[in-house]
Amino acid sequence: MSYVEALRSALDALRANVLRSILTMLGIIIGVASVVAMVAVGSGARQRVIEQINVLGSNIIMIQSGSVTSGGVRMGSGSRQTLTEDDAVALEREVPSVQVAVPTVRGTVQIVAGGLNWSTAAIGTTPTYFEARDWELSAGRPFTAEDITGAAKVVILGETVSTNLFPEGNPVGQEVRIKNVPFTVVGVLARKGQSMQGWDLDDTLLIPITTAKNRVMGTTLSKARTIGSMIVKVRDGESSADAEAAMRELLRQRHRLLANQEDDFQIRNLTEIAATRDASSRTLAFLLAAVATVSLVVGGIGIMNIMLVSVTERTREIGLRLAVGARPRDIRTQFLIEATTLATIGGAIGVVLGGAGAILAATWAGWPTLIQLDSIILAVTFSFAVGVFFGFYPAQRASRLDPIEALRTE
Amino acid sequence: MATPIIVARDLAKDYVMGGHVVHALRGVSATIDEGDFVAVMGPSGSGKSTFMNLVGCLDRPTGGSYVLAGEEVAKLNGDQLAALRNRRIGFVFQSFHLLPRADALSNVELPMVYGGIARRQRHEKAMKALTRVGLADRYHHRPNQLSGGQQQRVAIARALVNDPSLILADEPTGALDSRTSLEIMALFQELNRGGMSVVMVTHEPDVAQFARRVLRFRDGRLIEDHRQTPADAAQMLAREPAEQEAA
């Protein structure tokens with residue numbers, strides 16, 4: 001008997017008892033649906049983490065000046081200006097895995113444009129900032145080297161600042177005042193959205209680092225070259241952990257720290273933090289898949305059970321088929337294909353239901369879901385394998401029936 | 001008519017049952033020629049069913065030899081036996097043994113499915129076989145939509161469809177009323193007149209009277225082998241309606 005014939009007769013047998021077939025498939029359906037849905041939810045969560053890494057800029061390491069302890073009160077990161085612009089230059093030059101090291105100074109400023117005003121985080125920085133953060137402009141131009149050397153009074157607005165000060169749009173070329181200093185808007189940053197912690201990354205403005213020191217935040221800086229923090233971008237393919245270690249060593253050397261002294265700066269490796277989150281969501285996805293796998297196996301046992309019942313019920317049919325010329329292996333093939341068909345159809349229904357469930361979770365609950373093609377292929381292949389595995393014993397039993405006994409069964 | 005289709009020599013079959021050896025068949029020799037119509041009779045336990053299972057290649061003898069259409073059956077393995085059954089033997093059972101979910105046509109096609117015959121050819125041959133048993137117009141009916149006699153006709157069409165050397169019928173009228181039994185016997189006689197060899201197990205003399213030859217078994221031995229002039233089932237059938245009207 002050919003496989004096509006066996007498949008046709010399997011489908012006939014399954015159609016003959018639709019309710020039973022569906023109930024038998026239910027275990028597989030639930031198993032596959034949960035695999036597909038859970039993997040979709042899990043990889044959706046991972047996808048969100050990856051997006052957040054991309055929002056930060058990939059391969060980013062932040063370095064902040066150390067803290068000051070004054071009369072037992074520790075002032076927190078950046079309260080002592082230990083980092084300098086020269087540190088940034090040295091990192092860029094002497095650590096090969098560093099692509100750029102961008103010096104920044106930060107402060108909160110009130111910005112006024114016409115009758116409107118807005119309080120926001122100002123960042124004084126250099127033209128390489130855009131490269132380090134993978135941040136594009138939606139309008140205007142980035143800073144130039146002349147803006148830095150000349151301490152030009154130019155500002156680039158974040159999207160949020162721009163919409164609050166210029167509701168009609170087109171801020172480029174307009175005049176704003178920051179701490180009573182007039183600035184010209186030369187550009188607007190593209191929208192970045194929220195950070196991992198839920199902060200609005202677009203609520204910011206950028207000015208040249210020299211201008212920031214001289215005109216805006218000058219009083220907080222003890223020395224001309226000192227900076228509050230640096231953003232370092234590690235080259236693609238380089239280990240950010242190795243780069244972190246190399247930078248720590250160089251900075252300790254430059255700051256003349258003895259072996260028993262603590263760092264006077266803090267390194268925050270955002271890629272590592274994101275990678276940890278990625279790993280934990282991966283673990284979650286793996287656990288979900290493991291739970292779903294268990295239900296697939298349970299579904300397989302259900303199929304085996306029904307196939308054994310079916311073999312008993314159809315003993316006469318098996319006897320007849322043997323009498324008219326079926327070989328034992330034809331009978332085995334027939335029942336094996338029946339079990340496999342049950343499992344695979346169940347798997348296919350499960351894929352549809354699981355996909356629908358993932359879409360529902362995305363639209364109703366707002367979970368980020370991502371339906372993975374490989375999880376679908378895996379689930380269907382696995383249910384096929386479940387059918388073969390759990391169908392084999394009943395099929396073997398059917399093929400070993402004695403035709404004379406089988407024909408005599410009532 | 002002289003070509004032997006079945007040559008059994010000292011055919012024996014022993015079973016082991018609960019530690020005891022049961023001698024179901026104790027050395028039976030018989031030759032059945034092509035085109036014959038043989039009734040196998042005997043009480044239950046006489047060995048006639050065991051003889052039929054051996055003749056039908058459903059079982060292998062424990063002693064003696066059995067040659068079916070020139071092939072020594074005792075030497076064949078399971079797969080070869082299956083192929084021999086498929087090619088050489090058409091089975092007809094007391095309880096029809098039709099697949100309940102399949103229509104008449106699919107039931108008749110079943111032996112050809114295992115014979116590896118292409119779909120289109122199967123349809124043709126199955127329709128031809130159904131026409132021979134007078135059920136061409138019922139090809140799409142399922143067994144539960146057919147009467148007992150019609151179901152047995154479908155089973156006979158299934159037995160015929162692979163052009164076997166032999167039709168092996170096991171109590172073919174056991175589940176049918178007397179009129180339907182006559183119809184079935186008339187069909188067997190018609191097929192036999194067309195050259196088909198028929199071997200039929202029965203315990204009813206009424207049914208055995210339509211055979212040309214009767215083999216009688218008792219205690220695992222062949223005790224009687226005689227030829228007879230068969231009664232004509234078709235003629236009896238022609239008289240039957242009149243009797244029914246009279247009654």
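In what follows, every chain begins at residue 1, and chains take the letters A, B, ... in the order their sequences are listed. For clarity, every value in this text was computed on a predicted model and none was experimentally measured.
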* Asked: Out of curiosity, Asp59(B) CG to Asp402(A) CG, how far, rounded to the nearest 0.5 Å?
  -> 6.5 Å

* Asked: Atom CZ of Phe91(B) and atom CG of Leu320(A): how far apart are they, to the nearest 0.5 Å?
  -> 9.5 Å

* Donor-acceptor under 3.5 Å (His97(B) side chain, Glu317(A) main chain) -> no

* To do: Take Arg8(A) and Arg119(B) through the test side-chain contact (heavy atoms from CB on, under 4.5 Å) and record every step on the way to the result.
  => CA-CA 12 Å; Arg8(A) 194 174 290 136; Arg119(B) 220 170 136 68; 2.6 Å; yes

* **Arg87(B) portion near chain A, given a 4.5 angstrom heavy-atom threshold** => neither

* Are Asn162(B) and Val324(A) side-chain neighbours, meaning at least one heavy-atom pair lies under 4.5 Å? -> no

* Which of the residues Pro100(B), Ser106(B), Pro111(B) is involved in the greatest number of heavy-atom pairs with chain A at under 4.5 angstrom? -> Pro111(B)

* **Rounded distance [0.5 Å steps], CZ in Arg329(A) versus CG in Asp79(B)** => 4.5 Å

* Asked: Between OG of Ser95(B) and CZ of Arg408(A), what distance do you get to the nearest 0.5 Å?
  -> 12.0 Å

* Asked: Any chance CZ of Arg101(B) has more than 12 other-residue heavy atoms, nucleotides or ligands included, within less than 6.0 Å?
  -> yes

* Structure fact -> Between Phe93(B) and Ala323(A), the two heavy atoms sitting closest are CZ-CB, 4.1 Å

* Asked: So with a 6.0 Å cut-off around CZ of Phe96(B), is the heavy-atom count from everything else above 12?
  -> yes

* To do: For residues Arg321(A) and Leu99(B), determine if any side-chain heavy atom of one lies less than 4.5 Å from a side-chain heavy atom of the other.
  => yes

* Within a reach of under 6.0 Å around CZ of Arg316(A), are more than 12 heavy atoms found that belong to other residues, nucleotides or ligands? -> yes

* For Arg15(A), side-chain hydrogen bond (donor to acceptor under 3.5 Å, both in side chains) partners two or more places apart -> Asp12(A)

* To do: Return the minimal non-hydrogen interatomic distance between Gly325(A) and Asn86(B), and the atom names on each side.
  => CA-CB, 3.7 Å

* Asked: Which atom names give the shortest non-hydrogen contact between Ala326(A) and Arg85(B), and what distance separates them?
  -> O-NH2, 4.0 Å

* Supply the atom-to-atom distance Ile404(A) CD1 to Asn53(B) CG, rounded to the nearest 0.5 angstrom. => 3.5 Å

